[in-house]
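Everything quoted here is computed from the prediction, not taken from an experiment. Keep in mind that the numbers below use all heavy atoms, side chains included, and drop hydrogens, waters and symmetry copies.
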Amino acid sequence: MTRQPRSLRIGNASGFYGDRFDAMREMLTGGELDVLTGDYLAELTMLILGRDRLKDPGAGYARTFLRQLEECLGLARERGVRIVANAGGLNPAGLADAVRQLADRLGLPVRVAHVEGDDLTAANPGSLAAHAYLGGFGIAACLREGADVVVTGRVTDAALVTGPAAAHFGWGPGDHDRLAGAVVAGHVLECGAQATGGNYAFFHEAARSGRDLRRPGFPLAELHEDGSCVITKHAGTGGFVDVGTVTAQLLYETAGARYAGPDVTARLDTVRLTQDGPDRVRIEGVRGEAPPPTLKVGVNRLGGFRNEVAFVLTGLDIEAKADLVREQLTDALAKSPPAEVRWDLVRTDRPDAPSEETASALLRLVVRDPSQEAVGRALSGAAIELALASYPGFHVLAPPGKGSPYGVFEDVYVPQGGVDHVAVLHDGRRIPVPPAHDTVVLDEVPEPPLPQPLSHGPTVRAPLGLVAGARSGDKGGNANVGVWVRSDDAWRWLAHELTVDRFRQLIPESSPLKVTRHPLPHLRALNFVVEGILGEGVAAQHRFDPQAKALGEWLRSRHLDIPEILL
């Protein structure tokens, strides 16, 4: 009789470059783990690391990770915990060497491996950093060959979990359902405390019930050989794990029912969540399909230079004051106007306000141009020269500076075989990782049947957020807003009420854009994708909330007619 491998406990200690420094130690000392992962990369991070590498060719990786290891590498070895992190960024080989030097200095016999092949910058002229999203089998190869620490460049966030799971359970590329289950687990873990009560729509309810949200613990997954898992956290840590926190994270930065990756396409419409005890949520039923034949490549380039100034408008005649300074600046910049000029009037003022700040509105001017001069000295001179010659009460939050470079992000795609995915072992051996051969071109899933509408009854004009939670985020220039409810009756109402037209009414800036709605009935959720709302991505700072982090909370604050029985 073949013995089944035991479950695998994978924890997370970082959701982004800059996350809580002490999390690695907390996760290693808080309870049992087999693997500890860290996600340090995002679209904006790759741009930042690219600019670091321009100054120093030996840079390009997350230095915080090294400082964390200085405290924790011995602890991880003592407890038998393997560490897998994408902190290598643009230079995984450099980080692997730095970790080896650290281990030697600490007197620790640690085997360090890395994964490479994602860097396609040379194939994308004019880019600052162009990197393919690799899957988890390079990580798996490193672990199978005995690595204690694996560092990677740009892999998918979920690969930090699929790789260890494939190594532990012996999964191969054809184990689509199992891999899809690990992808879902990885997606829940990847953003750290967002799965344990951080950034949670119903945080006030949790606080009232006695849960401590001041310092949420980091999540971990108990993965099983069939691909199912339980999401939990170490006992005694803050925050909480329930079906709501896991649902929120499942909807974060996703689109339709098919969640595609280089190893597998996970079907989010098959995910089933059940509360499995205090701070334990079971995920099961996840189905997988062959991955698409192409890999996503994130291309970051410098888009030009950007500058901004915020004029403070106080008291009466706000609109007239805004018109005056807008006309004055337009005239002053007429000889050499910046390529892009954007004005936004933010009406934060109140009538008969008790303080000067609450009597004031902000008129924000943002300019962009390929030339730093066009957005730097020209703008700062024109703005400051108005100090004694414009609207009454003229002042600005801060004088405009010289203009700073901004980045542009775009997706391109290459064939699965278009990268040299390689696991580089501690002894220098290089193991090629073959591309997926069983692939399927992505297609939209037919819209699932919706539940019967809720019976008509009295309604109350109230905020959507009294009934529904939301979480939103960015993918390049697009934003997603996942909206979910917690009862079958609320789902019967939401599924029919929150249409694309209603979404556009509630979020007016989405009106001219393509908005797609994806129902996920098992999660009682709708996921909306708004194309182009973020311009050319977060680094371009196209809007007030450039990563759409609060777009979902704005939606929850909008009023509509809600059935009384749901309130």
With a cut-off of 3.5 Å and sequence neighbours excluded, list every side-chain donor-acceptor pair involving residues 409-421.
{"from": "Gln416", "atom 1": "NE2", "to": "Pro262", "atom 2": "O", "distance (Å)": "3.1"}
{"from": "Gln416", "atom 1": "NE2", "to": "Pro292", "atom 2": "O", "distance (Å)": "3.1"}

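- Relative to the ring axis of Tyr406, Arg368 places its NZ or CZ within 45° and under 6.0 Å from the centre.
- Looking only at distances, a side-chain donor or acceptor of Gln249 sits under 3.5 Å from a matching main-chain atom of His187.
- Heavy-atom minimum distance, Gly88 versus Tyr61: O-CB, 3.4 Å.
- Of the possible donor and acceptor atoms, none in the side chain of Asp39 sits under 3.5 Å from a partner among the backbone N and O of Cys191.
- Heavy atoms only, all atoms of each residue included: Pro432 and Pro434 are closest at O-CD, 3.6 Å.
- The number of heavy atoms from other shown groups lying within 6.0 Å of CZ (Arg144) is above 12.
- Minimum interatomic distance between Pro400 and Val309 (heavy atoms only, all atoms of both residues): CD-CG2, 3.9 Å.
- Using modelled atom types and a 3.5 Å distance limit, the side chains of Asn480 and Asn527 yield a donor-acceptor pair.
- Taking each heavy atom of Val150 and Ala147 in turn, the nearest pair found is CG2-CB, 3.8 Å.
- Annotation for Phe65 and Ala85: closest pair CE1-CB, 3.7 Å, computed over non-hydrogen atoms.
- Checking side-chain atoms of Arg100 against main-chain N and O of Val112 turns up a donor-acceptor pair under 3.5 Å.
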Acceptor/donor pairs from residues 212-220 side chains to any protein atom, 3.5 angstrom cut, sequence neighbours excluded:
{"from": "Asp212", "atom 1": "OD1", "to": "Arg214", "atom 2": "N", "distance (Å)": "3.0"}
{"from": "Asp212", "atom 1": "OD1", "to": "Arg214", "atom 2": "NE", "distance (Å)": "2.9"}
{"from": "Asp212", "atom 1": "OD2", "to": "Arg214", "atom 2": "NH2", "distance (Å)": "2.9"}
{"from": "Arg215", "atom 1": "NH2", "to": "Glu26", "atom 2": "OE2", "distance (Å)": "2.4"}

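- In summary, of the residues considered (Leu102, Asp148, Asp104), a side-chain contact (heavy atoms from CB on, under 4.5 Å) with Val110 occurs for Asp148 alone.
- Under a 3.5 Å cut-off, the side chain of Ser14 and the backbone N or O of Arg20 do not form any donor-acceptor pair.
- Side chain of Asp97 to backbone of Gly94: no donor-acceptor contact under 3.5 angstrom is found.
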Derivation of the side-chain hydrogen bond (donor to acceptor under 3.5 Å, both in side chains) call for Asp119 and Thr121: CA-CA 6 Å; Asp119 192 348; Thr121 306; 2.6 Å; yes

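- Side-chain N or O atoms of Asn199 include none that pairs as donor or acceptor with a backbone N or O of Gln194 at under 3.5 Å.
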